Amino acid sequence: MKDPPVRFALASKRVVTPAGVRQAAVLIDGERIEAILSRGEVPSGVAVEDLGELVISPGVVDTHVHVNEPGRTDWEGFETATRGAAAGGVTTIIDMPLNSSPVTTTVAALEEKRAAAQGKCHVDVGFHGGLVPGNADELESLIDAGVCGVKAFLCDSGLDEFPASGEAELRAALPVLARRGVPLLVHAEVVEAEQNAGPMRNYGDWLRSRPEEFERNAIALLRKLCAEYLAPIHVVHLASGPLTSHFFWAKQDGLPLTVETCPHYLHFSAEQLEAADPRFKCAPPIRRKEDRRRLWEALLDGVIDTIGSDHSPCPPEMKHLDATQPGSGDWQRAWGGIASIELTLPIVWRGLRTHMVTFTRVAEWLSATPARLVGLDTRKGRLAPGFDADLCVWNHEEEWTVRVEDLHHRHKITPYDGQRLRGRVKRTYVRGQLVYDDGEFPAGPTGQLLRRRASFDTA
Ligand SMILES: [Zn+2]
């Protein structure tokens, strides 16, 4: 183990505080931010490092990551996933209850996962629990054990041991979640089997097999149940642009219905993907340019709340990239999931290059709001006194091309290979420790395992 960090300060022309960007020094004492000061106010005797033009933002909080350990560690594991996170300025990840084995649907499975993660993580890690048919009685104890949220699928998850929930399962879970103030995170597609049964030869077939209607039916059900139970529901990975209107109206009605989209829906569009291989396969599928435009608009309007990577890798053979037709792959059998844990910030920042958006706004999307979603907002997500010293130091002007072999997740596959992005992470600090420094990981796996803050019980 490294020695505990000391009292030191990092200065820059661009320190991203909740109140705006200012030229300042972040004074760090041990694991916490002691103060944000002007440079001249730093107490004498404290070493100040001047980072010049580099941006100092709160570390990214990614509430949607599939680590897959234990049980499917050959897909991805805590060591490699959190290395990728650190390299991307991500200081906290929340692991999804699948695709590990066992899936996190009981407290015993949660403890097994925590044991597997212990001592391997380069950033801080929290855990979501899972809702599946028959385990609604477990939710109370999963929440007591500190899960950050509860995930459910309204369609096949791709894993037999994590079956889909229907309206009955949601109705069993929502009163508990409303009372405890813990969000239900939902994969919102209701898949009608006959539409999903055709041959799958290319991206267009995949897109047509998962029409917007699947998302629309799921979101309509969730909005209705949210109004009925007043339970926090967070729709994950929204792909359809027009469906953002549901979230606009839910917010107008004061409902606790929130929504995430993912970097791939903000970066790619179906028009580019006719000949794409299954690296691009995910559900819901990446939709049209017009959807992408409306997702950005909803983000800028405050209708979309968070951006999660939905990092969901698998071994190369499971992506079936090697079909006889060059570039097309075997879409039918390929695993659906996109690996991109370390690219969220430069993807989003590149997408914003034609918009006048402040660093403060980006920090709300990527840090403050997701921290609040998962009940970590008393410690994480802001550069403010008393908060964990979780910092992302980055060059906002640097443009660069992704080379998959430079990424840190387990299997070197990503649809972003060769993509030109903007903004490059130089350093990442987790609780005052320098965990990533321009290609190096000097602190080692010093990440902690997190539990959601004591959830309230209004009963
Ligand atoms: Zn996911």
Side-chain angles (χ1 to χ4, degrees), residues 60-69 71-72 75-78 81 84-85 90 92-101 103-105 113 125-132 147-165 183-191 206 210 214-215 218-219 222 233-240 258-268 278-286 295 304-314 318-319 334-344 347 370 373-374 409-411 413-415:
V60 175
V61 176
D62 188 344
T63 59
H64 194 156
V65 178
H66 297 269
V67 176
N68 308 333
E69 184 174 0
R72 291 190 180 82
W75 296 18
E76 180 67 299
F78 286 102
V90 181
T92 299
I93 65 167
I94 313 297
D95 174 56
M96 281 294 176
L98 68 169
N99 312 305
S100 55
S101 179
V103 292
T104 321
T105 51
K113 187 174 273 195
V125 177
F127 303 91
H128 293 303
L131 173 68
V132 292
V147 294
C148 293
V150 171
K151 170 82 178 285
F153 275 72
L154 297 184
C155 62
D156 181 9
S157 73
L159 285 190
D160 292 342
E161 64 265 42
F162 202 99
S165 291
L184 182 70
L185 293 88
V186 191
H187 181 123
E189 285 181 294
V190 175
V191 173
W206 173 242
R210 314 278 296 203
F214 292 0
E215 280 190 276
I219 290 167
L222 293 167
I233 296 180
H234 190 61
V235 169
V236 295
H237 52 52
L238 182 74
S240 157
T258 55
V259 61
E260 165 201 272
T261 192
C262 303
H264 35 279
Y265 303 123
L266 295 169
H267 186 80
F268 297 111
R279 286 176 303 170
F280 293 83
K281 183 176 179 183
C282 59
I286 295 160
L295 291 174
I304 291 178
D305 301 275
T306 64
I307 303 169
S309 69
D310 196 5
H311 177 69
S312 184
C314 66
M318 287 181 66
K319 271 295 192 187
W335 175 256
I338 283 180
S340 66
I341 193 165
E342 67 188 87
L343 301 174
T344 298
I347 294 165
L373 174 75
V374 295
H409 63 274
R410 174 146 298 159
H411 298 289
I413 290 182
T414 178

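Remember, predicted model here, so these are calculated numbers, not experimental data. Remember, it's 1-based here, ligands and their atoms both numbered in the order they're listed. Reckoned from all heavy atoms, side chains included, excluding hydrogens, waters and symmetry mates.
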- Query: Got a salt bridge between E161 and R72, using NZ or NE/NH1/NH2 to carboxylate O under 4.0 Å?
  - Reply: yes
- Item | Residues that T344 engages under side-chain hydrogen bond (donor to acceptor under 3.5 Å, both in side chains), provided they are two or more places apart | none
- Query: What protein N, O or S atoms come within a distance below 2.8 Å of the Zn ion (ligand 1), ordered by chain and number?
  - Reply: H64 NE2, H66 NE2, D310 OD1
- Does the side chain of T306 come under 3.5 Å of the side chain of H234 through a donor N or O and an acceptor N or O? yes
- Query: Can any side-chain N or O of T414 pair as donor or acceptor with the backbone N or O of A339 at less than 3.5 Å?
  - Reply: yes
- Going through the checks in order, is the side-chain hydrogen bond (donor to acceptor under 3.5 Å, both in side chains) test met by E76 and H311? CA-CA 10 Å; E76 180 67 299; H311 177 69; 2.8 Å; yes
- Distance under 6.0 Å and angle within 45° of the ring axis: does K281 meet both against W206? yes
